Structure formats: C-alpha cells, structure tokens
Enquirer: 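Could you have a look at this structure, given as structure tokens, before my questions?
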Amino acid sequence: MHQRHLPASPNWYCSRCSDINGRGVLGFGAKNTIYLLNVTASSPAVTGELTGHTERVSGFAFCPHDGQERICASTSDDKTVKIWDAGQKILLKEHNVHQSTISAVHWSPVQKLLLVTGDEKGIVVCYWFSSNDTQSFFPEPRTIFCLSCSPHEENYIAVGYKDGMIVVIDISKKGEVIHRLRGHDDEIHALAWCPQPREEPLYGRSEDKTDGSNGVTETAEMGCYLASGSRDQTVRIWSTARGKGVMTLKLPFLKRRGAGVDPVVKERLWLTVHWPKGQPSQIVSSCFGGEIIMWDLMKSGKQKWSLLGSSSDGQNHSRIVFNMSSFRSGDRELLLSTSMDREIKCWDLASLECCWTLPTLGGFVYCLSFSPVGTGCLALGIGDSMIRVWNTLSIQNQYDIKTFWQGIKSKVTALAWHPLKEGTLAFGTDDGKVGINEVYSNKPPQISSTYHHRTVYSLSWGPPVPPMSFGGSGDKPSYSLYSCAGEGVIFQHDPWKLSGEASNIDKLIRDTNNIKHKIPPHTDLSWKPDGSVLAIGNEDGSIAVLKAPMLKLLCTVQQHHKIINSLRWHHEHSSQNELQYMLASGSSNAIVYVHDLKSAIETPSEIPVLMTESFRTLSGHTNKITSLAWSPHHDGRLVTVCYDGTAQVWDVLKEEPVCNYRGHSGRLLCVQWSTVHPDLVWTGGDDFTLHEWAVSKQEHVTPPKSKKRVEMEKKRGPQKKSKKKKAAPEKGGMKAEERELPLGEEIKGAAGSGAEEGQLENDKEEEERENTDGPSVTGWSREISVDTRGTERVQNGERFSHAIKREVKDEKKREKSDMSLKKRKPRSILPLSTSMDHRPKEELQQDCLTLAAVRYSHGQSGTCVPGSGDHIQLGLFTDRDALYRMFQEEEESHVEAGHYDSMVYLRLWKGDPIGAINLAAEKGELTDHLLSLAPVAGYQVWARTVEAYVKQLCHHEQFLKAASHLVSIHKLYEAINLLKSHQLYREAIALARARLQPEDPVLKNLYMSWAAVLEKDGHYATAAKCYLAADSNFDAAKVIAKKGDVISLRTAANLAQISGESELAHSLSLRCAKDLMLFQDWTPAQEVLRTQGSLLGHRLVFSVNEILTQRLADTDVVTWSVASSHTWSKSCEENFLSMVHRVWQSEFGVAATDLVQVKMLHQQLRTVENPPATTSVPLKQLLFHMSLDVTLCALSQLLCDWPSVLEELLQALTRGYEAGHFTLMAEMCQLLVTQGLESVTFYKQKLDSTDERSLVISQSVEALVCYQLMYKKWWNYSAETSALTNNTISNGHRLTEKNHSEVEANCNGEAQSDVIFSEGFWKVLLSEPHANLQATQRAIAEIQRRVTSLIQQHNPCKDSHASPQALSTSQSETSEDQGGSLSGKSSESLSTLTARVAEHHKALAAIPELVKKYPFPDVMECCIVLLHMEKHFTPFPPHIHSKATTLLCKYGTTELLCKAWKRLTQ
C-alpha cells in the first residue's frame, strides 16, 4: 500500500514497549498504536499497525513459543490487555482485570501461552490465553516497574519495583516470594534472565563472598542468573539459587568527542538490560547518553565493557535508550534498540556495529518541501520541534535523514527551500518564529527579529517588493522571504539582514491600490514560479491576485466561502503554456477550486476583476482541505489532502478523480509530489507518520463517503465531545458556520493559531527537546475532543507517575470547573427585583404604566408601594425611600438563602458600614474588603473588626494572616503568642526580632522553646542556632554533639571553644579524638586535640598510641589498616621509648629540660581513669589503655622517677596478661624491656635498696618477662602441640591452640637460650610467697563454689528453716548421685565450709600486702611447664627440679593440678 514509511516514535519510559519475534517482526507501541516492521540486517519495512487501545500503549511483547510467533500482547493506560494476531492484524482476546495503570508485561518462555502483567499498585496478573483464565497475586505493596518470567523454571517470575526492590515469586505457590533481592536503591528499569540454566562461575567480586570463591556455591548450579538495571546507575547480576548478588557493574561515564556531559541526561537515566540468547556470558545495557555497551562477565580487569558503534561517530543514539530486543537472522545476532532520540537502530552483536537506523516522528507532520536545487532532498516540519532533511535518493541508506533542532524550540509548521541557493531552508514555527537554516552547515539558524503573534502557516520565497526592492541590484537580495501567520499578517523578511525589521506588505497593498477599507486577514500566499504574480488567500474565502513588484491588484477570486488553507500555482514546464496560469485553492468547505487566471494576468484591466466562477471544481472530500500539490511530471495532475484522512489525486483537465490513498490513521496535513518519480507521492498527518505511496497501486478512486469519517474516528479511539459555546465574533468577520469546525480544530487565520491540533490540547502532542517547553498554541477555538492522556506521558519527554497523572487530571477538572464558573453569569445581588423582569410581556408593560402613575400622581398612587411586595422591582426607578424598601426585602431574601456577602454589600451601598461589618462578623463572613472599610466607622470599630477577623482567620487556620492583622492594631505580643502557639516559631521570631527590643525576654523564650522542639525532632543544627541566639552557648554545643559523629563533635568542640566554654570544649575534643582513634585516623585526631592547649598530655598519649600501633602492625597483633598517620610514627629500628622521647621533643616540645611542664603533664594524666583489663575489652581500646601506661612511664623516665617507671611499666605489661592476649604481652615486653632481664636489672639499679615496694614491683616485672620467655623457649623446642597445651589449666586460664599458634608464629627463632637455664630465672618464677598466695586464693574460690552449689541446689526447698545438718544430708545424697562431684568432700556441711573459708582468709591476711597488691604469673603453671620441658626436651639442675616438685606438692592441691604434676613425675 505504501513504499517507505516513517512511523510514530516509540513510547518513552516503558520497561518493555518493543519486542521482536523469531521471524524478524518488530513491534513497538507509539501513542495508542502498535507499529509492526519486518526487520533484516539491511533495512526495515513498516508492514502495518494494530489499533484498538484508547490510551497510550505501555507494553508490548511477542509470544516466544515455536509456531506462536504471530501472537503478541499489548498493555495500555486504558487498563486493558489485548492479544493480537500480528500476521492477520486482528484482535484475538482481551481482558481488563487490572484496576490500575499497567506498567509491565512478559510472555512466559516455558509455560505455553501464559501472559504475565503487572501494574502500579503492585498487582501481578497471570493470564492463560488458551483457557482464558486469570489469576492475581499481590507479592509486595509497591509500584511495579518491570517483570520477567524465568526461561528455565516455569513458575518463577522476577518483579522489579520503583523503590529498587526485586522479588522472585512462585506462581504455583500462590505468589509466594522466593527471594527478596536487595541492593539497588532506585527504580528497577529492566530485568533479564540468563539464557543458560546453570550458574556458571563469573569473574569478578561477589557481593557476599566469605570463602574466597567467585560468588557461586556448589548448590548454585541449579539456579539461574538474573540481571537487573536500575536508575542508581548500576547493573547487578543475581544468583537466584542463593538469593544474593554476585556482581555489580557500575556504568562508565563516556564523554563523546566534541560534546559535553549533560547533567540533565545523567539525571534522566533509563538503564535497560538485555541478555542475548546465544551469549550467556555477555549482557547488553544502555548508558547515560544513549550509548549501548556490551558487558563481558568473564572478562577480568577494570573495563569489562565494550561500546557498540565505537568505530565512527554518529552510530550511537544521542539520548537515553528505553528498550532492547534481539533475534537471530541467519548466522547473525541482531539487536534492536529504541531511544528518546526518536530513532530505532539495528546492531550486529558480533561486530558491535550499527546496521541501519530508522528515524521516527514525535509529532504531527505539518509540512513537506522538496528542494528545487538538491534533487530528492525532502524537508519535514514536525511537531516535536525538529526539522528533518531526508535524502530520498540515497542508495546505501534508504532512511538517510539529518535532524535539526538547534534554535527551533517549537513545532515546525512551515518550510520553504530557497529557489536557487542549495541547502538554504526557511522555517516557521508555532510560536511565530521565522528563521533560515543552512542544512549543509553546523551553524545554528538565523532567526528573524520580527516575530508573528500566532502560528506561521506559510512561507514563500519571492522577488523583493518595496521597500526592500528599492536600491541597486547589488544592494538587495534577489529573493525575499515572505511569511504568513495566524494573526492574518504577511511579513517580508530580508534574508541578508534578518536582524532588521520585517515589513508588512499590507501597507504597500493599501498604498498601491488606494484601499481605504479594512483588508481581511491573510491565511496563505503563493508566488507564481516566475515571480511575476502573488496570490494571497484570505480568511473570508477570497483570493487576491497581485502583480509584482508594487502588488497591483489584478483580480479577486470570490469562490470559497470559508478560510483559504492552501494555494498552489501550476508549474511552468508543461506542454500547454496556458496551464501555468492555473491556481488551485483549498479551503475549509472541502471543495478544491482551480482558477484560470490567464486573462487577468496577461490583459489586466484598470479596475480589478471579481471572479466568481472557477475553471474546475473538484468535489469529493468530506472535510477541510489542508494542502495541495501539483505533479511536476504531468499536466494538470493535482493531489489534495484533507481532514477526512485521505489523499486524493485529480486529473484537473478532465475534472475526474484518479485515485484515493487511505493509509493514514489520522487527519492529513501536508502533501508533496516526488520531484523524481512521477508515480510517488508523500503525505504526512496528525498520526505522527510520513508515507510514501504509489499512485498506480491504489485500489480506491474517490474519497470515502462521510460515514467513513465516523469509522475513522472509531479507529482512532473514542473522543470526548466538548460543548460548543457561542464564540464571540472575530476581527475578521468570520461567519457562524466557519466557527463550527469539525473535530474541534482551530480556524486558520482567526484569533487562534495552530490549525492542526484538534486532538492534542490535553495531550500536548509532544515532542519536546530536553527541558524546552515549547510555547503552547494559543487561542484554540474548541476544547480538544480526543483523549490521549497516554501520549502526554510519552511525548512530553518526561515521566509521570500515577500520582502525578492523577494530580494533572484533578487540575484539569478544577480548570474546567473554574472556566464554567467564569462563563456562568454571576449571581445577582438583587435577585427578587431581577426575577420580576422575567415575567410575561403583558405584566412588564403593566409595570411601565404603574411606574408612570406613581411618578406623575405625586403620591396619589393608591395601593402601589414601590420597592415592596409585588412592586419591589419599581424601587429601582423611583425615590430613595423606595430603593431602601427594596434593599430591605432583598436583604431578608439573602439571609434566608445564606448569601450573607450580598446582604453586606447592600448595607454598604445604603451607607451603613457598621451594620454591614457587625453582620459579617456575626456570621463569620468578614473579608479584607470589609476590614478595609472599617476605619470609616472609627478606630474602635476597626479594632473590634480586626479582632473578630483574627478569630475567623484562626478558625480557618490562616495564622500568618491573623498575626499580621494583630500587628496592624499594635497587639504585637498577642500576634507573637498566636504564631508560637501554632508552632510557627520561625515566623514568630522574625516578627519579634523586627519589632521588639533585643533584650526583651519574649525573644529569648521564643528561641529556647523552638530549640527544644527542634532538638526533640532531631534538627540539631537549627536548634544550636537558636541556643546561640539565646546566649545559651553550652546548650548549643551540647545539642550539636548529640548526633555523636566525628564532624558533629568537632563542630561542637570548636563552638564551645569560641563561646568560652573551655571545659566542654576540652571534653568534646577528647571525645572526637577518641572516635577518630577508633577509625585509626591519626592526623585529624591530633588536629582536633591541637585546638585545645589543655590537652597536650592527651596528645602525648595519642602519639604513643599511634607509634605503638605502627610498631605492632609489623606483627600479627594489629591486622587493621590505618586511615591516616604522621611520618614520625613510621616503624624503625630505634628503641621504642627513645623514639617516643624524640617525637615528643620534635613535635610537641616536651623534653627533660622543662621538668615543670613534664611534671604537670604527668600529674594531669595520672588523674585520667584507666580501668583494669578484661578478656572482653576490644583490642583498639586495650592498646589505648596501654598507651596511657606507657606515656606515664615515659614521663616518669624524663623525671627520673624510677619507682614510678617500674610501676607504670608493670601496668602496661600486665594488661596483655590479664586480657588473655599472650602475643600482645610478649610484643610489649619486646618493645618496653628490649634486653629482657638485663633491662629490668638496669631499672633495679636505679632503685633505693631500702624501698621494699619498688623491689616487689621489680620482681613482678621480672616474673612477667621470664614468663613470656619461658613460653617462647618451650614453643621453640616443641615441633607440635603437646597434650599439656590442651589440658593445663591455671587459675581458670587455659592456653588455647589459637594463642599457641599466634605466639609460635611470632616467636620462631627467638631465643635467649642461656637465660632459660639460669638459676636466677627460675628463682624469679618459682616464688613461694606468690605460690602460697595463689594457692590460698584458689582454695577460697573452690570453697565459695561449693557453697554456691549448695545454695543453688536447696534454693527451691520450701522449708526455709532447714538446719545445716539437713543441708549436709541432702548434699551427701546429691553428691552420691553425681558420683562424688565434689572431690570426695561433699559430705562437708555448710558450717564446715564456712569455717574453712575463715581459716583461709586468716592465712590470706598473713601474707604481706605488697605480695597481694601486684600481679604475678601463676607459679603452679610455671612448675608444670618446667617439669614438662625437663621430661621432653632438656634436663634442669636437681635443686630447681626439687623446688618445683616441692611447690607442686605443697600448693598444687586442686584436682586438676594434682593430676597434671603427678602425670609428669611418674
């Protein structure tokens, strides 16, 4: 039926609105229609349309099953799902189960003929086509954006939601959610299943790896990968076997050559994904600016993607891509993509190159124009604010189209090529703009400085006329540009100087032809090809024929009676010379007239001729004629297009129809005959399409009858009939019948402009570029009759959610109601007297006689009292008393009807403002107008009125306005309290600041009240500002610190420092620094402390902590990474304490030379609480506590206070021992006591030999050093873990295999082998006083455990007075049942145990306090280790062995210790 075809643009922002089947048929939704294309690797061909939806098509999908490829489904905003036969183009079935807008659709690849759809309310509907059954599921109360059926598991469906959630549901289990896939945080735009059923390992980082694998477990082989694309700029690959993400792909930012990155495009991202069937390791996704990228999931390295079309510029889409689908054509896998740039592209996935591009149209095709110079070059003016130039003769690319949009920004409604200059194209737009574009240049168009007030309908190049024609030949262009627009004016533009003012040719016509009357508005113009004559069509249906250059009127053609829409002269190269004088005209009366103007042009008369008869009359169309075109290849062959949706070819000379083209689904707006092929015609219309068709192939000859028009309207969808109201007479003297236009279109040339869009006011057609909102067409004469709300959503270039759509509808309803209120006559303020004027004519005439009698009887009117009763209407025509009587009755009527405002007006008119105001106040009907009149009655009345109005406003919650009125009567405090009482603190403070004194307590109270509310709501920063304004600096700093993060603490500390709260600044800075320490961010921690001069001691502690962390990072103790550090903290070979002293002196100015400062710092840090270590203390905190001990030790060294040095050194070493972290203790010994016992000996030499306390401390330090050396030596000897490691228990402390392995790893090769055998070494460890102490403590603990056990066993006993003997008996029985669990001593009574505890406490008291005060390693543990080493590795001196055995016999009395040492001594 047609040759080439430019279809409408695919709809935007739909998850699946296009699809292709295995036979290469591509279908896509455009507006409310589905277009079908046959696709090959070389070219596309439009094959037909599927029409039936009444609103925007939101989804489209083909059935994937073999033999069912022709079956397809579509969804629409009309809430219906339709099933089609794409081959026969017929509707098979439909259902309307959905109650909300449908947003997703997909055929199941496994279950035959199962169609799944989802809507914005979260409902998933499964429809079985063969049985016509439906089933609904509601997996999540969220807005569905997309869904996809699994190609391997017939019951699994993946659903993507607006908030980023993805769920996989099982429809066989009533929609049970199998997996919730969380990871995206924005809209899910597309889902795609891997075509391969098993989850093969992928290269890359798993999002949930714990075992170092690639993210796929062995059980995952039964699942299937799922890909998702989201607005959060990521593509994620999910394992549906495990329900977790296995790979995240971040979109790359691709900056094109010569183009910047548009932030709006980034913001308006649509990320669709497609998984080609034959490529399980590769997926295709869209990107930011229209690029398409291929991801290789098996590829290593950072760049896992390849760009499609990267070999040359211009292959990629220029704007975001919405949908992709692929099929196999022969041995090639082809990908089809649709985009916001209104192009459909075909890609070869093997070469990643673009095969072809099919441009589509996003608006009405308003105008067409073939270049007279560039053969076959066709320009299209489209309603999507773009010009397209099509090289129709291109052999390699049959859709070789260039697009121009710069500088246009509105619908292109008129085009005209320059007659001689190649590539120069003039255009006119809907907003009255006229410009010239050079299509072979990249320069932006030139725009005329003279704008039309309405839509530009017609452009034409012609010879210059005055005043432009004046001057020499070199001073003026050979052609001027003429434009005609909706306001009825024709401008002549100078193409050489468009910045200059254009001239209105009406002045020349008036002057030349001496016209005094008003010239009718012009609607079209056409220059005769030789430039000698100009024909102008007018709004009244007349045609003026004028001779250039002075535009002398030759004749007037008065044949049409309606507006002239199109004029065309016959071409000059015909075989019959007289045909060049034929002028064809089309108007809104559906008839085409052809006029022979030869005599009027060749032999003009002095007086212009009036022609009322046409040369030929071409009848057949049933609606307004919109465009005409003569065939350049024939004599007298004309094609016309019409609002009846058809194009008609005529043989003008025979006055016969030749053929009729009916391929469009809407009204036709423009037509051009091919300049190359005599059989081809091009037509465009409001169905957003351009058709090329052959005259010889049409089956119809004449246009359809008028009933066909009704069928066409049904085909286009139901339309709302808008009420036709009488339009006011226009300036142009338009007839009534011309205003009653069909289909609600506007009258060309009348007050309106944009004669086309009969159907698109609600729908805005459109079409627009990025953020350009094209000027709306103004002055439309009728409400739009076709409801295409869906198109609004697609073509406006923006997405509209369901809620926004609903708001738009509500807004339109409100606008319609407002319009109806405006059009309706307002209620009369005198309804009674007005109603009397609508009585029968006889009664009205009697009123005249009665009025005359009253006026001229001088009060002798009998029973007639004007202004009351049956004569109320006469009160308006007699005296004031009668008028007041009439007002009184009218007031009573208004009160009964509840129209108090009208009553108030009447009282005002009577001069009773007080009465009017009191009445309005009483009824709650006060207004600003009445309030403004109150001062007329005096100040007191005005003040009372303001107070009453304030109460009324508060009742209506207009508190700001009420407060403003209180201020007007100087009730300032009342106004502030009013705002405060309704939580309007900001406004109350603004008012108080503006009007009150700064020291007024009300102001501080406002700040404090608001701050309390803000603090409660979590708005800490604003609350802090309120506290500052109220001079409550402490509270300001505290509230900022309330959030607790590092930034807030630092800000709060600085604020406290600035405002003089030094103690608070001190504590906040320290708190902030400790938080930074936990993050190992040392540099900012020191910066925070530096701001407080009083925190120098803490700075020293932090420096020691940092140095200590860096030293321990070389071992297995510190495993975390450091966020930031200082250069002075880097690990080196220097002695640890020496390095600390050096750093203190160089970085903090602390040295032994300033003993006063050192002593002060020491005293300051001694006051810092340093709790004892436990096994539950985190390692970072433990290191910080150790750092404080080491800092005190280093300061004591500078003070030469050696007893304190040893005591603080002991505290540091003890923390690792008490925390059960042997490795840490060993490393601290290595750092602090570098030479082992020699270092301790050095410290002992510094002590006073008479100082018993210091000697005990030094003994504990020696013991801890020897303790860790003992274990190091043992583990160096031992190749594998001995039984003793697992069984030795010492005072509840068990040496675990983990500790063993840690220390063994750190201690291999470390010796001090000579020391381990020395007598002094074991003398330190085998201390009998400490053994006695530890044995006593163990005995007390054991007895306490027994007592506790007794109490727990007899706690449930009801006899609370049981004797100790009874307890003992019960205990004996229980113990026997338990097999003597109390070590054979369970028969002991509670009193006996108590006595034993007392004895042990006496023994404990006898032990010296210094022995009890300081920690010491477990002596029994050391004895057992000694015996074990002697038995398995090397002998020790006999007296050492003897001492260890003696101590074990004497103090190793517990059951476990006895078993251990007896096993070693056997």
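Quick note: residue numbers are just sequence positions, from 1. Note that the coordinates shown come from a computational prediction; the quantities given were computed from them, not determined experimentally.
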Enquirer: For residues Thr234 and Leu251, determine if any side-chain heavy atom of one lies less than 4.5 Å from a side-chain heavy atom of the other.
Expert: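 Thr234 vs Leu251: side chains apart.
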Enquirer: Does some side-chain heavy atom of Trp193 sit less than 4.5 Å from a side-chain heavy atom of Thr240?
Expert: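 Result yes, sub-4.5 Å side-chain heavy-atom pair found.
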Enquirer: Determine whether the side chains of His189 and Ser15 contain a donor N or O and an acceptor N or O closer than 3.5 Å.
Expert: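 No, no side-chain donor-acceptor contact under 3.5 Å.
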Enquirer: So, Glu55 and Lys79, do they make that salt bridge, N to O below 4.0 Å?
Expert: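 No, this pair does not count.
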Enquirer: Once rounded to the nearest 0.5 Å, what's the spacing between atom CE of Met386 and atom CG of Asp341?
Expert: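 The CG atom of Asp341 is 8.5 Å from CE of Met386, to the nearest 0.5 Å.
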Enquirer: Is a side-chain donor-acceptor pair under 3.5 Å present for Thr75 with Ser58?
Expert: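 Judged by distance alone, the side chains do pair up.
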Enquirer: At their closest point, which heavy atom of Leu113 faces which heavy atom of Ser130, and how far apart are they?
Expert: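 In terms of heavy atoms, the two residues are closest at CD1-CB, 4.2 Å.
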Enquirer: Answer yes if the side chains of Gln315 and Glu353 hold a donor-acceptor pair under 3.5 Å, and no otherwise.
Expert: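 Note: Gln315 and Glu353 side chains meet the donor-acceptor criterion.
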Enquirer: Counting only heavy atoms not in Asp66 (residues, nucleotides, ligands), do more than 12 fall under 6.0 Å from its CG?
Expert: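 At most 12 heavy atoms, drawn from other residues, nucleotides or ligands, come within 6.0 Å of this atom.
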Enquirer: Distance from Leu50 atom CG to Ile90 atom CD1, nearest 0.5 Å?
Expert: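 Interatomic distance, Leu50 CG to Ile90 CD1, rounded to 0.5 Å: 10.5 Å.
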Enquirer: Please tell me whether Ser228 and Trp238 have a donor and an acceptor in their side chains that are separated by less than 3.5 angstrom.
Expert: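 Judged by distance alone, the side chains do pair up.
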Enquirer: Within the structure provided, determine whether Ile144 and Lys121 are in side-chain contact (heavy-atom separation under 4.5 Å).
Expert: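 Ile144 does not reach Lys121 side chain to side chain.
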Enquirer: Do His274 and Ser325 pair up side chain to side chain, a donor and an acceptor below 3.5 Å, judged on atom types alone?
Expert: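 Short answer, no.
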Enquirer: Quick check on side chain to side chain contact (heavy atoms under 4.5 Å, CB included): which of Val159, Ile171, Leu147 does Val116 satisfy it with?
Expert: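 Result for side chain to side chain contact (heavy atoms under 4.5 Å, CB included) with Val116: Leu147.
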Enquirer: Taking the side chain from Ser148 and the backbone from Ala158, do they hold a donor-acceptor pair closer than 3.5 Å?
Expert: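 It does not hold such a pair.
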Enquirer: Any salt bridge linking Asp296 with Lys304? Criterion: basic side-chain nitrogen under 4.0 Å from a carboxylate oxygen.
Expert: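 Lys304 and Asp296: not salt-bridged.
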Enquirer: Once the angle between the rings of Phe364 and Phe688 is folded into 0 to 90°, is it parallel (under 30°), tilted (30 to 60°) or perpendicular (over 60°)?
Expert: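 Aromatic pair Phe364/Phe688 classed perpendicular.
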Enquirer: Taking the inter-plane angle between the rings of Phe253 and Phe288 on a 0 to 90° scale, is it parallel (under 30°), tilted (30 to 60°) or perpendicular (over 60°)?
Expert: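 Aromatic pair Phe253/Phe288 classed parallel.
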Enquirer: Please examine the side chains of Ile178 and Ile169, heavy atoms only from C-beta on, and report whether any two atoms are closer than 4.5 Å.
Expert: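 Heavy-atom side-chain distance check fails, nothing below 4.5 Å.
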Enquirer: Would you say the side-chain atoms of Glu199 and Ser239 include a donor-acceptor pair closer than 3.5 Å?
Expert: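 Ser239 and Glu199 do have a side-chain donor-acceptor pair below 3.5 Å.
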Enquirer: Parallel, tilted or perpendicular, judged at 30° and 60°: which one describes the rings of Trp295 and Trp305?
Expert: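 The arrangement is perpendicular - the two ring planes meet at more than 60°.
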Enquirer: Return yes if some donor-acceptor pair links the side-chain N/O of Asp163 with the main-chain N/O of Arg142 below 3.5 Å, else return no.
Expert: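 Checked: no pair found.
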Enquirer: Does the side chain of Thr33 come under 3.5 Å of the side chain of Glu49 through a donor N or O and an acceptor N or O?
Expert: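 No.
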Enquirer: Would Asn38 and Val46 count as a side chain to side chain contact (heavy atoms under 4.5 Å, CB included) here? Give the steps.
Expert: CA-CA 6 Å; Asn38 274 340; Val46 179; over 6 Å; no
Enquirer: With a 4.0 Å cut-off, would you call Lys162 and Glu187 a salt bridge?
Expert: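 Salt bridge absent between Lys162 and Glu187.
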Enquirer: Count the heavy atoms of every other residue, nucleotide or ligand shown that sit under 6.0 Å from NZ of Lys89, and state whether that count exceeds 12.
Expert: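 Enclosed: over 12 neighbouring heavy atoms sit under 6.0 Å from NZ of Lys89.
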Enquirer: Just by modelled atom types, is the Lys31 backbone N or O under 3.5 Å from a matching donor or acceptor in the Asn11 side chain?
Expert: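 Yes, the answer is positive, given that a donor and an acceptor are paired below the 3.5 Å cut-off.
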Enquirer: Would you say that Ile344 contacts Pro10 through its side chain, given a criterion of any heavy-atom pair below 4.5 Å between the two side chains?
Expert: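 Side chain of Ile344 against side chain of Pro10, heavy atoms only: contact under 4.5 Å found.
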Enquirer: Is it the case that atom NZ in Lys93 sees more than 12 heavy atoms from other parts of the structure closer than 6.0 Å?
Expert: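 Yes, enclosed.
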Enquirer: Would you check if the side chain of Asp348 reaches a backbone N or O of Leu352 as a donor-acceptor pair within less than 3.5 Å?
Expert: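 Here the side-chain-to-backbone pair does not exist.
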Enquirer: State, to 0.1 Å, how close Val105 and Arg16 come at their nearest heavy-atom pair, and which atoms those are.
Expert: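 Val105 and Arg16 have their closest heavy atoms at O-NE, 2.8 Å.
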Enquirer: Distance alone, cut at 3.5 Å: any donor-acceptor contact between the side chains of Trp270 and Ser286?
Expert: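 There is no such pair (donor and acceptor under 3.5 Å, judged by atom type) between the side chains of Trp270 and Ser286.
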Enquirer: Would you say the side-chain atoms of Asp186 and Gln233 include a donor-acceptor pair closer than 3.5 Å?
Expert: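 Checked: Asp186/Gln233 side chains show no N/O donor-acceptor pair below 3.5 Å.
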Enquirer: Give a yes or no on whether the ring-centroid distance for Tyr13 and Phe322 is below 6.0 angstrom.
Expert: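 Yes, close enough.
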Enquirer: Look only at the side chain of Arg236 and the backbone of Gly183, and say whether a donor-acceptor pair between them is shorter than 3.5 Å.
Expert: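 Indeed, once roles are kept as given, a pair shorter than 3.5 Å links the two residues.
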Enquirer: Taking Asp185's backbone N and O only, do any of them form a donor-acceptor pair with Asp232's side chain (distance below 3.5 Å, no angle check)?
Expert: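 The answer is yes, because a donor-acceptor pair under 3.5 Å joins these two groups.
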Enquirer: Would you check if Asp119 and Val125 make a side-chain contact, meaning some heavy-atom pair closer than 4.5 Å?
Expert: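 Result no, sub-4.5 Å side-chain heavy-atom pair not found.
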Enquirer: Starting at OG of Ser326, measure out to CD of Gln279 and round the result to the nearest 0.5 Å.
Expert: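 So the gap between those two atoms works out to 8.0 Å.
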Enquirer: With sequence neighbours left out, which residue pairs that include part of residues 113-134 fulfil the ring-ring contact (aromatic ring centres under 6.0 Å, His included) condition?
Expert: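 As it turns out, the ring-ring contact (aromatic ring centres under 6.0 Å, His included) pairs with a partner in residues 113-134, which skip direct neighbours, are His95-Tyr127.
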Enquirer: Among residues two or more places apart or on two chains, list those pairs meeting salt bridge (Lys or Arg N to Asp or Glu O under 4.0 Å) that have a residue in residues 94-110.
Expert: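 Sorted result for residues 94-110: Lys82-Glu94.
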Enquirer: Please report the shortest heavy-atom distance between Ser9 and Gly362, naming the atom on each side.
Expert: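 Closest approach of Ser9 to Gly362: OG-N, 3.3 Å.
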Enquirer: Return the OG to CD distance between Ser285 and Glu291, rounded to the nearest 0.5 Å.
Expert: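 With rounding to 0.5 Å, OG (Ser285) is 10.5 Å from CD (Glu291).
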Enquirer: Do Trp347 and Asn316 come within less than 4.5 Å of each other through their side chains, counting heavy atoms only?
Expert: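 SC-SC contact between Trp347 and Asn316 confirmed.
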Enquirer: Taking the side chain as every heavy atom from C-beta outward, state whether Phe145 and Ser103 have any pair of such atoms under 4.5 Å apart.
Expert: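 They are not in contact (no side-chain heavy atoms under 4.5 Å apart), so the answer is no.
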Enquirer: Are there over 12 heavy-atom neighbours, none belonging to Lys174, within less than 6.0 Å of that residue's NZ?
Expert: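 Open.
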Enquirer: Check the pair Trp356 / Val39 against side chain to side chain contact (heavy atoms under 4.5 Å, CB included), numbers first and verdict last.
Expert: CA-CA 10 Å; Trp356 48 259; Val39 173; 3.5 Å; yes
